[in-house]
Amino acid sequence: MKRIGVLTSGGDSPGMNAAIRAVVRKAIFHGLEVYGIDQGYAGLINGQIKKMELGSVGDIIHRGGTVLYTARCEEFKTLEGQKKGIEQLNKFGIEGLVVIGGDGSFQGAQKLTEHGFPTIGVPGTIDNDIAGTDYTIGFDTALNTVIDAIDKIRDTATSHERTYVVEVMGRDAGDLALWSGLADGAETILIPEVTYNMNDIVDRLKRGAERGKKHSIIIVAEGVGSGVDIGKEIHKKTGFETRVTVLGHIQRGGSPTASDRVLASRLGAEAIELLLDGQAGKMVGVESNKIVSHSIEDALSRKHEIDQEMYRLSQELSI
Ligand code: ADP
């Protein structure tokens with residue numbers, strides 16, 4: 001293999017730049033040429049492909065977002081779109097591809113591999129919703145952003161003696177809500193993996209109020225439903241003054257934490273090792289702090305699980 005490509009796809013996440021840097025530098029270290037593909041699979045189909053040098057990835061390790069831009073591309077879900085993408089890769093003499101993105105992007109990577117084009121997936125998403133890795137690139141940064149926001153909300157919750165509902169991202173996964181709730185001592189954490197009972201939440205709030213607790217923080221994962229609706233229901237059932245904050249896209253931005261930069265560097269570099277080893281259709285990940293790889297097909301067929309023990313702990317500590 002002499003020439004490889006790299007793209008970022010789907011939702012962006014902090015640390016994608018550090019991953020691109022690792023892919024480019026590790027590839028050049030091994031004497032490969034690297035081409036960057038702008039705007040994910042859309043740019044692949046359109047031939048938005050450019051040569052990258054060592055300097056192309058200078059001064060980006062600390063930046064959020066992705067210098068290769070990202071996009072969603074319906075056309076790539078079709079066989080025709082995938083063939084157009086492979087034609088472009090062939091035109092540029094690219095022999096292997098690294099796709100940095102979430103599970104949707106991995107589906108695309110799997111398709112390319114099935115059509116005979118060697119592709120490796122690097123998990124980049126704040127949602128931490130990919131099986132086969134303990135952490136995805138961007139999760140730790142998003143978590144810290146959420147914690148910073150909740151700390152601030154807690155200050156005002158204490159001063160005003162209110163109930164605060166905070167809706168956090170995570171798509172269908174509850175990791176961001178669970179980890180931030182545990183890290184911030186939230187009274188209640190609602191995640192899609194565990195069915196909630198509104199009466200229990202109300203009882204808990206009332207019990208807290210009876211023993212003199214003047215404020216509460218309730219974290220709602222977006223996969224559970226609307227934080228606004230849950231806030232309204234709580235207000236109706238308790239009469240407590242309730243405020244809702246939907247954190248939104250601030251969770252996807254910002255300078256990546258040290259953990260995300262290190263993870264991105266390790267995973268990006270491993271993707272190149274796999275390509276050089278002749279492997280395809282694999283995703284890289286980290287399990288028990290060891291770099292691992294799994295077949296993308298296998299990872300996509302499994303569901304990322306939350307840590308049940310951690311959920312129980314969050315409940316025990318917020319009685
Ligand atoms: P993420 O990678 O963050 O999960 P998406 O689910 O939006 O984001 O997927 C990103 C892109 O991956 C899609 O816009 C599409 O181009 C490609 N993709 C998603 N699913 C498939 C599929 N089944 N086959 C081929 N490409 C896909």
Side-chain angles (χ1 to χ4, degrees), residues 5-17 19-20 23 37-49 64-66 68-89 97-133 135-139 141-142 168-176 192 221-223 248-249 251-253 256 260 263-264 267-268 271 280-285 294-304:
V6 55
L7 61 80
T8 49
S9 163
D12 68 333
S13 73
M16 279 185 162
N17 279 329
I20 296 168
V23 167
I37 297 144
D38 278 343
Q39 297 189 346
Y41 295 122
L44 178 60
I45 288 175
N46 299 330
Q48 293 166 249
I49 300 174
T66 157
L68 289 177
Y69 308 99
T70 182
R72 295 203 155 91
C73 173
E74 281 304 309
E75 191 183 355
F76 200 73
K77 292 183 181 170
T78 66
L79 180 61
E80 204 186 26
Q82 292 152 18
K83 290 210 161 135
K84 277 191 201 165
I86 291 177
E87 269 168 36
Q88 292 288 358
L89 290 163
L97 180 68
V98 177
V99 169
I100 305 166
D103 56 354
S105 305
F106 278 17
Q107 305 258 13
Q110 174 60 19
K111 287 283 175 337
L112 286 172
T113 305
E114 284 169 15
H115 301 320
F117 197 90
T119 305
I120 302 289
V122 175
T125 162
I126 65 163
D127 302 328
N128 211 35
D129 60 350
I130 297 183
T133 187
Y135 304 107
T136 56
I137 298 165
F139 172 65
T141 307
V168 306
M169 283 182 161
R171 298 233 283 211
D172 297 327
D175 277 55
L176 203 48
E222 67 177 342
H249 280 85
Q251 295 163 92
R252 291 242 298 256
D260 271 331
L263 179 65
L267 295 186
K282 292 276 181 77
M283 64 160 282
V284 290
H294 298 284
S295 103
I296 292 181
E297 196 176 17
D298 173 56
L300 287 175
S301 71
R302 290 188 285 133
K303 196 174 157 13
H304 169 84

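Indexing begins at 1, ligand by ligand and atom by atom, following the structure's order. What you see is a predicted model, and the numbers here were worked out from it, not measured in a lab.
Shown in contact with Tyr41 at under 4.0 Å from a heavy atom are these atoms of ligand 1, numbered in order with element: 12 (O), 16 (O), 17 (C). Shown in contact with Gly102 at under 4.0 Å from a heavy atom are these atoms of ligand 1, numbered in order with element: 1 (P), 2 (O), 3 (O), 4 (O). Counting atoms of ligand 1 from 1 in the listed order, those under 4.0 Å from a heavy atom of Gly11 are 3 (O).
In terms of protein heavy-atom proximity, atom 8 (O) of ligand 1 is closest to Gly10 CA, 3.4 Å. If you check which protein heavy atom lies closest to atom 26 (N) of ligand 1, you get Gly108 CA, 3.4 Å. Looking only at heavy atoms of the protein, atom 23 (N) of ligand 1 is closest to Gln107 CB, 3.6 Å. Protein heavy atom closest to atom 25 (C) of ligand 1, with residue, atom name and distance, is Phe76 O, 3.4 Å. Closest protein heavy atom to atom 11 (C) of ligand 1: Ser9 OG, 3.6 Å. For atom 5 (P) of ligand 1, the closest heavy atom belonging to the protein is Arg72 NE, 3.7 Å. Among all non-hydrogen protein atoms, the one lying nearest atom 19 (C) of ligand 1 is Gly104 O, 3.1 Å. Here the heavy atom of the protein found nearest to atom 13 (C) of ligand 1 is Cys73 N, 3.9 Å.
Across every non-hydrogen atom of Gln88 and Asn46, the tightest pair is NE2-C, 3.9 Å. Considering all non-hydrogen atoms of both residues, Ala280 and Pro118 come closest at CB-CA, 3.7 Å. Ser105 and Ser9 make their closest contact through OG-OG, 2.7 Å (heavy atoms, listed as atom of the first residue, atom of the second, distance).
A salt bridge links Lys77 with Glu74: the distance from a Lys NZ or Arg NE/NH1/NH2 to an Asp or Glu carboxylate oxygen falls below 4.0 Å.
Distances between N or O atoms of Ser105 and those of ligand 1 include at least one value under 3.5 Å. Not one N or O of Lys111 is nearer than 3.5 Å to an N or O of ligand 1, by distance alone. Looking at Arg171 next to ligand 1, an N or O pair under 3.5 Å apart turns up. Among the atoms of Ala71, none of the N or O lies under 3.5 angstrom from an N or O of ligand 1.
Side-chain atoms of Asp175 never come within 3.5 Å of backbone atoms of Asp127 as a donor-acceptor pair (strictly under, hydrogens ignored). Judged by distance alone, the side chain of His115 and the main-chain N or O of Lys83 form no donor-acceptor pair under 3.5 Å.
Between Gln82 and ligand 1 there is a heavy-atom distance shorter than 4.0 Å. Between Gln110 and ligand 1 there is no heavy-atom distance shorter than 4.0 Å. Contact between Thr125 and ligand 1 is absent, with no heavy atom of the residue lying under 4.0 Å from the ligand.
Asp172 CG: 12 or fewer foreign heavy atoms inside a 6.0 Å radius. By the 6.0 Å contact criterion, CD on Glu297 is open, its count of non-hydrogen atoms from other residues, nucleotides or ligands being 12 or less.
Between the CD1 atom in Ile137 and the CG atom in Asp260 there is a gap of 7.5 Å [rounded to 0.5 Å]. With rounding to the nearest 0.5 Å, the separation of CG in Asp103 from NZ in Lys303 is 10.0 Å.
At least one side-chain heavy atom of His294 sits under 4.5 Å from a side-chain heavy atom of Arg302.
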